[in-house]
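To start, the structure under review is shown below, and the notes come after it.
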Amino acid sequence: MVADSRTSSRAAGLRPLNAPRLVRVLTGDGLPIAVVEGERRRAAQIEDVWYVDDEWWREPIARRYYRLFLDGGVVRTVYHDGERDEWFAQGY
């Protein structure tokens with residue numbers, strides 16, 4: 001049990017969980033072949049690919065997601081943001 005701090009809750013103290021983080025992804029023929037997060041890990045296998053194209057009435061979202069098995073047994077979900085032309089890692 002956590003003791004009551006007796007302070008009021010504030011939205012400014014909140015942060016999103018599992019926020020995407022910018023990563024460097026090396027590609028070949030448009031597909032991810034390696035992810036660089038401090039060290040370079042080769043994509044041994046692409047397990048899944050899916051697309052999100054949504055919210056055109058607000059701010060467009062155009063993302064292509066990849067679930068990757070990387071060398072060393074690491075699994076990463078990365079996506080290419082087509083609107084910004086940047087790669088992100090997304091944790092769940």
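Because the structure is predicted, anything quoted here is derived from the model rather than measured.
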Tightest non-hydrogen contact, residues Val78 and Trp87, listed as CG2-CZ3, 3.9 Å

Scanning both residues in full, the closest heavy-atom pair of Ala43 with Pro32 reads CB-O, 3.9 Å

Q) Can you find a heavy atom in the side chain of Val25 that is under 4.5 Å from one in the side chain of Tyr66? A) no

Q. More than 12 heavy atoms of other residues, nucleotides or ligands under 6.0 Å from CD of Glu59: is that the case?
A. no

How far apart are the C-alpha atoms of Asp54 and Arg63, what are their side-chain angles, what is the distance that settles it, and do they pass the side-chain contact (heavy atoms from CB on, under 4.5 Å) test?
CA-CA 9 Å; Asp54 201 3; Arg63 297 176 180 170; over 6 Å; no

Side-chain (Asp81) to main-chain (Glu83) donor-acceptor, under 3.5 angstrom: yes

Exercise. Give a yes or no on whether Leu22 and Ile61 share a hydrophobic cluster (residues Ile, Leu, Val, Met, Phe, Trp, Tyr; joining criterion: side-chain heavy atoms under 4.5 Å apart).
Key: yes

### Query
Ile46 and Leu70: same hydrophobic cluster, using ILVMFWY side-chain contacts below 4.5 Å?
yes

Plane angle bin for Tyr79 and Phe88 - parallel if under 30°, tilted between 30 and 60°, otherwise perpendicular
parallel

### Task
Check whether any side-chain N or O of Gln90 sits under 3.5 Å from a backbone N or O of Asn18 as a donor-acceptor pair, and report yes or no.
yes

Review point. Are any of the side-chain heavy atoms of His80 and Asp85 separated by less than 4.5 Å?
Key: yes

- For the residue pair Leu68 and Val35, establish whether any side-chain heavy-atom pair is separated by less than 4.5 Å. yes

Legend entry - Electrostatic pair Glu37-Arg24, nearest N-O below 4.0 angstrom: no

Does a side chain donor of either Arg67 or Tyr65 reach within less than 3.5 Å of an acceptor in the other side chain? no

Correct closest heavy-atom pair for Ala34 and Arg40 would be CB-NE, 3.8 Å

Given the rule that I, L, V, M, F, W and Y join up when any side-chain heavy atoms are under 4.5 Å apart, are Trp50 and Phe69 in one cluster? no

Before giving the answer on side-chain contact (heavy atoms from CB on, under 4.5 Å), spell out for Val49 and Arg64 the whole-Å C-alpha distance, their side-chain angles and the decisive distance to 0.1 Å. CA-CA 7 Å; Val49 179; Arg64 180 176 295 187; 4.2 Å; yes

*Output yes when Asp71 and Arg41 qualify as a salt bridge under the 4.0 Å nitrogen-oxygen rule, no when they do not.*
no

